[in-house]
Amino acid sequence: MSQVIKIAILGAGYAGVAAARTLEKKYRSNSDVQILLIDALPFHTMRTILHEVAAGVIDEDMAKINLVEVFKDTGVQVIEDYIVEIDVENQVLLSKRDRYDYDYLIIGAGSNTKRLSIRGMDCCSHSIWNLKDAMSLGRALDKFMGDDVNITVVGAGFTGVEVAGELAGRWRQAKISLINSKSVFMPEYSLKTRRKAERQLEILGVSLINKARVSEVKHENLILEDGRLIHSDLIVWTAGTEDREVLDGLKLSGSFHHFQSSLQYQNSRHCIEGSHIKYKSQLLYP
Ligand SMILES: Cc1cc2nc3c(=O)[nH]c(=O)nc-3n(C[C@H](O)[C@H](O)[C@H](O)COP(=O)(O)OP(=O)(O)OC[C@H]3O[C@@H](n4cnc5c(N)ncnc54)[C@H](O)[C@@H]3O)c2cc1C
C-alpha cells in the first residue's frame, strides 16, 4: 500500500491559491498526494483592491472570492481555521481546535503592518492590510463625507501611493498628504517615472512630504521627528510590513531548506522551497 503525501498550504492569499492550483494540476491524477489549503477566512481576499473598498468605489463583496467554490471538483481540501503555531519539528500545524499533519508545508501567510514602537500608532491610525481594516477605514471616511478634511497617508511605498491617489480621486475636497521617509520619492524608479508619478499626485492634489519620519501619532495630529506637526483628521498607516505572527520565532529545520516570505515590491515574490517543492509567485505592481 502506498503512503499518502500531505502537502499543507498555510494562507489562501495570492501565493497560497496559486500554489494550490499549480500543485492540484500537477498531482490531479495522483491519489497519493493530498493538498490542504488552510486559511483563517472562508474566502480569498483581493488585497490589491482594498483601497477601492475603503474609498467606497467598490463593494466589499468584490474583494472576496469563495475558496470552496474555487476548489470545488478539485482534489484541494479547503479548511477554514486560524493556525496559531507551526511545529516544524513534528511537522504539524496547530490551531485552537485542531491539528494538521504535513509532509511538506508551503507558507503563504502574507504580511502585516510592521509593529513599530511609535506612540499612538495603534490607537490613532488606520491600517489597510485586510478587508476588516479596509471597511473600518471606509466607515471612518464616511463620517467626513462632504467635509473639508485633512487625511494623511503615512508611507509612500506603492500601497501608500495607491491609497492616497484613490482617496484624492474620490474626495476632491479632502486635503491629502503623503508622508515619505526617504529624501527621494520612489527611488527604485527612473527620474522620468518619478516625475510622472509626482505630477499625477500633484494633479490629484496630494501633497508629497519627503524626508519626513513620524515620531508620534495623536488623535488629530502627526508629529514628525524634526518637530513638524501635521494636522490630520484621519491617518492611514501603510509604512512597513512584517511577517504574520504565526511565523514569530519560527525556527526552520526539517523539510525546509530555504524560506523566504518577505515582500519586495519591485520584485514581489513569495518563495518557499521545501525538499521537493519550490514555489514562487510573482505579483508585480502595474
Ligand atoms: C491596498 C493595497 C493595494 C495593493 N496593490 C497592489 C498591486 O497593485 N500590485 C501588487 O503587486 N501588490 C499590491 N499590494 C500588495 C499585495 O496585496 C500583497 O503583496 C499580496 O497580497 C501578498 O500576497 P500573499 O499571498 O503573500 O499574502 P496575502 O494576500 O496577505 O494572503 C495571506 C493569507 O494568509 C491568511 N493567514 C495569515 N495568517 C494566518 C494564520 N495564522 N492562519 C490561517 N490563515 C492565515 C490570511 O487570512 C490571508 O488570506 C497591495 C496591497 C494593499 C494593502
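Values in this document were obtained by computation on a predicted structure and should not be read as measured data. First listed ligand is number 1; within each ligand, the first listed atom is number 1.
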Counting heavy atoms only, which part of His44 comes closer than 4.0 Å to ligand 1: side chain, backbone, both or neither? neither

Is any N or O atom of Ile83, backbone or side chain, closer than 3.5 Å to an N or O atom of ligand 1? yes

Polar contact flag for Ile38 and ligand 1 (N/O pairs, less than 3.5 Å): no

Polar atom proximity, His51 to ligand 1 (N or O, under 3.5 Å): no

Quick one: does any side-chain atom of His51 pair with a main-chain N or O of Thr159 as donor and acceptor, under 3.5 Å? no

Between the side chains of Ser232 and Thr152, does any donor sit under 3.5 Å from an acceptor? yes

Closest to atom 32 (C) of ligand 1 (judged by heavy-atom distance), picking from Ala12, Gly108, Gly11: Gly108

Does the Asp233 side chain pair with the main chain of Asn150, one donor and one acceptor, at a distance under 3.5 Å? yes

Test item, Thr45 contacting ligand 1 (heavy atom, 4.0 angstrom): no

Rounded to the nearest 0.5 Å, what separates atom OH in Tyr104 from atom CD1 in Ile7? 8.5 Å

Between Tyr100 and the options Val92, Ile83, Leu94, the side chain to side chain contact (heavy atoms under 4.5 Å, CB included) test singles out Ile83

Atoms in ligand 1 with a heavy atom of Trp129 nearer than 4.0 Å: 53 (C)

So which bit of Thr159 gets within less than 4.0 Å of ligand 1, heavy atoms only: side chain, backbone, both or neither? side chain

Within ligand 1, which atoms have a heavy atom of Ile128 less than 4.0 Å away? 53 (C)

Answer yes when Asp61 and Lys64 have at least one side-chain N-carboxylate O distance shorter than 4.0 Å, and no when they do not. yes

Check whether any heavy atom of Val84 sits under 4.0 Å from an atom of ligand 1. no

Ser111-ligand 1 polar pair, N/O distance under 3.5 Å: no

Leu37 side, atom CG; His44 side, atom NE2 - distance, nearest 0.5 Å: 10.5 Å

Indicate, as side chain, backbone, both or neither, the part of Leu10 found under 4.0 angstrom from ligand 1 when only non-hydrogen atoms are considered. side chain

For the residue pair Asp133 and Trp237, establish whether any side-chain heavy-atom pair is separated by less than 4.5 Å. no

Just jot down the ligand 1 atoms closer than 4.0 angstrom to any heavy atom of Ala15, in number order. 25 (O)

What's the separation between atom CD1 in Ile49 and atom CE in Met62, rounded to the nearest 0.5 Å? 6.0 Å

At a 4.0 Å threshold, what atoms of ligand 1 neighbour a non-hydrogen atom of Asp81? 42 (N), 43 (C)

